[in-house]
Amino acid sequence: MKKILILTLIAAFMISMLFLGTSCKEEEVAEEEVAEEEEVVAEPVTVTFWHIQTVEEQAALWEELANEYMAANPNVTIDITGYENENFKAKMTTVMQGGDPPDLFQSWGGGTMNEYAEAGMLKDITSFLEKDSWKDTFAIGALNAFSYQGKYYGVPRDLGMVGFWYNTELFADAGIDNPPTTWEELLEDCQTLKDAGITPIAVGEGDKWPGAFYWEYLATRIGGEDAFNAAYAREGSFADEPFIEAGEKLAELVAIEPFQAGFLAALWEADASVTFANRDAAMILQGQWGAAQFASVDTIGGIDDVLGWFPFPMVEGGAGNPGDAVGGGNGWNVGKDAPDAAVDFLKYISSVDSQIAQAELGMALPVVKGSEVGIQSDMLKLVAEGTANAEYFQLYYDQFLPAAVGSVINDSVQGIFAGTLTPEEVAHAIEDSVAQELD
């Protein structure tokens, strides 16, 4: 009996030691896992983030979203820098030449982005987009502007068309009941406004790209999609008749002298938008970002109450559909050495809630499904409708085409505004640049 008792005690002791060993082992594994997790969480990461929002409340939104993200991810620091448009482009040229792009930065997609991708300056985020169906949250047309050769290097945040913003009160003061629908009506309205002592149009031609919108739209109205596609495919030429005629039509407008004093040196944000917002000009040709910019520089107050919008007029006899649009969108590219946290932050600022907030501020026509409810402005709803209904949507030439060609377009078209180049010279200069880059 005593022997049995001893054996029982020994067995119990061995079993208890076995459980104790297992328990200790489990605790060691758990402690190692916690330690590894703490090590990952503690790993500091900095994401450089460059944007071009100069309107105070818009820039503040990026700060707010970054702060929210950093609060949820204490190991991540979002280093934000805001630039004015032209300063941003100059800075990007410098950092790209140095091979050191920011982790997350403003992009319009198109030719410039493609060149960055070719140079190995961008991060392929295709796998991130395909994970958890993130790709499916975007309007596919807008998202595809950020793809090149089957890979995605960024995502969009808005898409819209360029059109004329106008002051309904100044039109009424001049006796103009409705905005023009044809090019001839636009020319007539400009003269009517001048006769009433009102500057017809504000333009920031010191930046060059605002004036290029006129030539690009006229080429679209006159030649339609076929003319551009033929020239781009090198089956035609950017010196073909539609492009020369576009310059001739623009020269007709310049000859009326419809622009504000000093327009050749005026900048879009600092000068032209202020001129229009403060009722010193009746019209301005700009994109979907215009409404928010005008409100931000309006020193009189109430610009929204007198703001109207109409699409670029049709050209009688032109091959283009009157509903065809020139425009584009803003978005983000991811730099080549960006940490995964940069893409995760990009996903955060591309959420439905973020897009709604952008739309409510008038800084974006949203491209994430479900966020269109954030569009507050009736004018922006018109822009969104026109964009959605356009059978042919042409991305700005200086973004669609290689960067070198875009610069030639902007520089050459400025020559028509200045009266230093003929329409033929402009068309041939652009064609020569395209031939050099694409042939």
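What you see is a predicted model; the values in this text were computed from it and never measured. The analysis underlying the following values was restricted to heavy atoms, covering all of them including side chains, and did not include hydrogens, waters or symmetry mates.
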Exercise. Does Lys135 use its side chain to pair, donor to acceptor, with the backbone of Glu130 at less than 3.5 Å?
Worked result: no

For this session: Name the orientation class of the two ring planes belonging to Phe312 and Trp183 (parallel below 30°, tilted from 30 to 60°, perpendicular beyond 60°).
Result: parallel

Problem set entry | is_close_aromatic(Tyr83, Trp50), centroid dist under 6.0 Å | yes

For this session: Show your working on salt bridge (Lys or Arg N to Asp or Glu O under 4.0 Å) between Glu431 and Arg234 and close with a plain yes or no.
Result: CA-CA 10 Å; Glu431 168 57 23; Arg234 312 312 297 141; 2.4 Å; yes

Exercise. Tyr214 vs Phe164 aromatic rings, parallel, tilted or perpendicular, using cut-offs 30° and 60°?
Worked result: perpendicular

Problem set entry | Donor-acceptor side-chain pairing of Ser350 and Gln355 below 3.5 angstrom | no

For this session: Answer yes or no: is there a donor N or O on one side and an acceptor on the other, between the side chain of Ser296 and the main chain of Val55, under 3.5 Å?
Result: no

Exercise. If only atom types and distance count, is the side chain of Gln436 paired as donor or acceptor with the main-chain N or O of Val434 below 3.5 Å?
Worked result: no

Exercise. Taking only residues two or more places apart in sequence or in another chain, which ones pass ring pair (Phe, Tyr, Trp, His ring centres under 6.0 Å) with Phe345?
Worked result: Phe49, Tyr69

Exercise. Between Trp165 (side chain) and Gly287 (backbone), is there a donor-acceptor pair under 3.5 Å?
Worked result: yes

Exercise. Between Phe228 and Tyr397, is the ring centre distance below 6.0 Å?
Worked result: yes

For this session: Decide, yes or no, whether a salt bridge links Lys336 with Asp124 under the criterion of side-chain N to carboxylate O below 4.0 Å.
Result: no

Exercise. Just checking, any donor-acceptor pair under 3.5 angstrom between side chains of Tyr392 and Gln394?
Worked result: yes

Problem set entry | Polar contact flag, side-chain donor to acceptor under 3.5 angstrom, Glu269-Asn85 | no

Exercise. Tyr396 pairs by ring pair (Phe, Tyr, Trp, His ring centres under 6.0 Å) with which of Trp209, Trp108, Tyr217, Phe213?
Worked result: Phe213

For this session: With Glu184 as reference, evaluate Leu186, Thr181, Thr182 under the side chain to side chain contact (heavy atoms under 4.5 Å, CB included) test and give the passing residue.
Result: Thr182

For this session: Determine whether the side chains of Asp324 and Thr220 contain a donor N or O and an acceptor N or O closer than 3.5 Å.
Result: no

For this session: Could you check Asp280 against Gln260 for side chain to side chain donor-acceptor pair (under 3.5 Å), going step by step and ending with a plain yes or no?
Result: CA-CA 8 Å; Asp280 292 323; Gln260 82 277 20; over 6 Å; no

